[in-house]
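Keep in mind it's a predicted model, so treat the numbers as computed, not measured. Values below: all heavy atoms of this structure, side chains included; hydrogens, waters and symmetry mates excluded. Numbered from 1 within each chain, the chains take letters A, B, ... in sequence-line order.
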Amino acid sequence: ASLDELKKALREGRALLKVETPAAYAEAEKVFNKALMLSRMQGDQVQIRRATRGLAASKRGLGDTKGSIVFLKEVLDISRQLGDRTGDTDALGNIADLYTEIGDLENAGKYYDEYLDALNDEMST
Amino acid sequence: ASLDELKKALREGRALLKVETPAAYAEAEKVFNKALMLSRMQGDQVQIRRATRGLAASKRGLGDTKGSIVFLKEVLDISRQLGDRTGDTDALGNIADLYTEIGDLENAGKYYDEYLDALNDEMST
Amino acid sequence: LETVPTIKRLRGKAEAIRAAELDKAMGKLGDGLTKKQMKAVEELSRGIVNKLLHGPMQALRSDGTDPSEVGETLVNMHALEKMFDLKNQNVPQRGGRK
Amino acid sequence: LETVPTIKRLRGKAEAIRAAELDKAMGKLGDGLTKKQMKAVEELSRGIVNKLLHGPMQALRSDGTDPSEVGETLVNMHALEKMFDLKNQNVPQRGGRK
């Protein structure tokens with residue numbers, strides 16, 4: 001039952017992100033926070049990562065660039081623990097974009113390099 | 001019955017082009033010539049254009065660059081008469097590629113310009 | 001480092017094109033697709049963009065020590081800004097029109 | 001005019017990427033697609049490539065009268081050849097390795 005609730009929350013959160021209004025991002029953040037809690041109860045890292053990704057997108061939509069970076073780095077950490085890098089290329093590119101937005105070009109460049117390396121790995125497999 | 005035969009020939013020709021061997025290109029040329037004859041009997045310009053396109057591709061596969069250009073220009077003529085430019089962008093790009101191959105960069109440039117204009121038109125619709 | 005914002009703009013431009021073309025295609029594909037099929041179509045769009053733009057994005061990165069390499073990176077930046085019409089894209093630092 | 005072969009090489013490179021990604025996607029999509037759906041997927045792949053590369057290809061064309069414009073076109077050519085790794089592609093005139 002709790003798993004169904006979790007999946008429903010993730011689905012709802014993703015739908016809210018597509019609305020692209022401040023109110024919808026705020027609501028998405030709430031829904032993804034609930035999803036994060038539920039996924040932690042389940043102890044399912046893949047679902048935890050999904051919820052964390054949703055929170056990063058919500059923060060970005062709300063203009064909280066630094067908050068978004070924090071959650072995206074959390075996504076990378078989870079991937080490392082899982083040994084499953086699915087979606088990391090995207091996260092790396094987004095972190096670099098966000099650093100660019102706040103004018104931290106040093107870190108942006110560092111993450112773009114990681115992003116390009118990850119893209120390169122994807123391409124050769 | 002003749003229409004069925006025509007459609008079958010066009011299908012067979014396209015399948016042969018995918019084989020990408022000299023023998024298959026030679027066979028494709030025969031099949032598309034038959035399709036061209038049948039389509040002329042039907043008087044169907046769209047099918048005539050399909051057969052002509054197939055002949056251009058067969059010639060190209062056989063290394064007959066100039067022959068391929070002739071058929072592709074024929075394709076453009078048919079399109080003009082039909083008032084339907086479907087596929088012309090592709091034909092223009094291919095003509096330019098073929099002129100490049102035989103070192104006629106003057107004509108290649110001219111056709112790339114037409115190709116880029118056509119792409120531009122496509123993009124704005 | 002001054003080439004970094006160009007990578008973001010190039011990524012933004014490509015993503016806008018990809019999303020618009022994917023939307024158009026999904027409209028034509030209708031609701032008959034399975035989740036797995038939708039994922040394959042989405043991956044197709046990402047795969048093409050990533051493979052095409054990896055080179056140009058890489059060309060905007062240099063380690064900043066070799067002066068001739070830095071110069072080349074700047075030339076690449078100006079060329080890409082112009083080719084992909086990136087100047088008018090909205091980027092905070094430039095404060096330009098949208 | 002010397003930039004013309006670069007347009008061909010760029011088109012060739014893009015087409016190779018597009019065809020490979022489309023093949024991969026079609027494999028995953030299975031045989032369940034209608035003709036109309038297959039056409040939509042194919043158009044998606046063409047649309048992305050065309051929209052992304054129109055600018056770079058246009059940057060390789062100049063009318064050849066204005067010297068500064070010719071110079072810029074040559075700079076674009078060298079930048080694109082390097083970025084898209086076009087030098088090693090097989091083109092008859094160069095007779096190079098494949």
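- Between D/A25 and C/A40 the shortest heavy-atom distance is CB-O, 4.1 Å.
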Geometric donor-acceptor pairs, no angle filter, chain D-chain C, under 3.5 Å:
{"unit_1": "D/E21", "atom_1": "OE2", "unit_2": "C/K51", "atom_2": "NZ", "d": "2.8"}
{"unit_1": "D/K28", "atom_1": "NZ", "unit_2": "C/E43", "atom_2": "OE1", "d": "2.7"}
{"unit_1": "D/L29", "atom_1": "O", "unit_2": "C/Q37", "atom_2": "NE2", "d": "3.0"}
{"unit_1": "D/Q37", "atom_1": "NE2", "unit_2": "C/L29", "atom_2": "O", "d": "3.0"}
{"unit_1": "D/E43", "atom_1": "OE1", "unit_2": "C/K28", "atom_2": "NZ", "d": "2.7"}
{"unit_1": "D/K51", "atom_1": "NZ", "unit_2": "C/E21", "atom_2": "OE2", "d": "2.8"}
{"unit_1": "D/E72", "atom_1": "OE1", "unit_2": "C/K82", "atom_2": "NZ", "d": "3.4"}
{"unit_1": "D/E72", "atom_1": "OE2", "unit_2": "C/K82", "atom_2": "NZ", "d": "3.0"}
{"unit_1": "D/K82", "atom_1": "NZ", "unit_2": "C/E72", "atom_2": "OE1", "d": "3.4"}
{"unit_1": "D/K82", "atom_1": "NZ", "unit_2": "C/E72", "atom_2": "OE2", "d": "3.1"}

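- Here D/P56 is the residue among D/A14, D/G47, D/P56 with the most heavy-atom pairs under 4.5 Å with chain C.
- Both the backbone and the side chain of C/V41 come within contact range of chain D, each with at least one heavy atom under 4.5 Å from a heavy atom of that chain.
- A 4.5 Å side-chain heavy-atom check between C/L53 and C/F84 finds at least one atom pair inside the cut-off.
- Per-residue heavy-atom pair counts under 4.5 Å with chain C were compared for D/L52, D/L22, D/L60, and the maximum is reached by D/L52.
- To the nearest 0.5 Å, the span separating CG on C/L10 from CG on C/L86 amounts to 6.0 Å.
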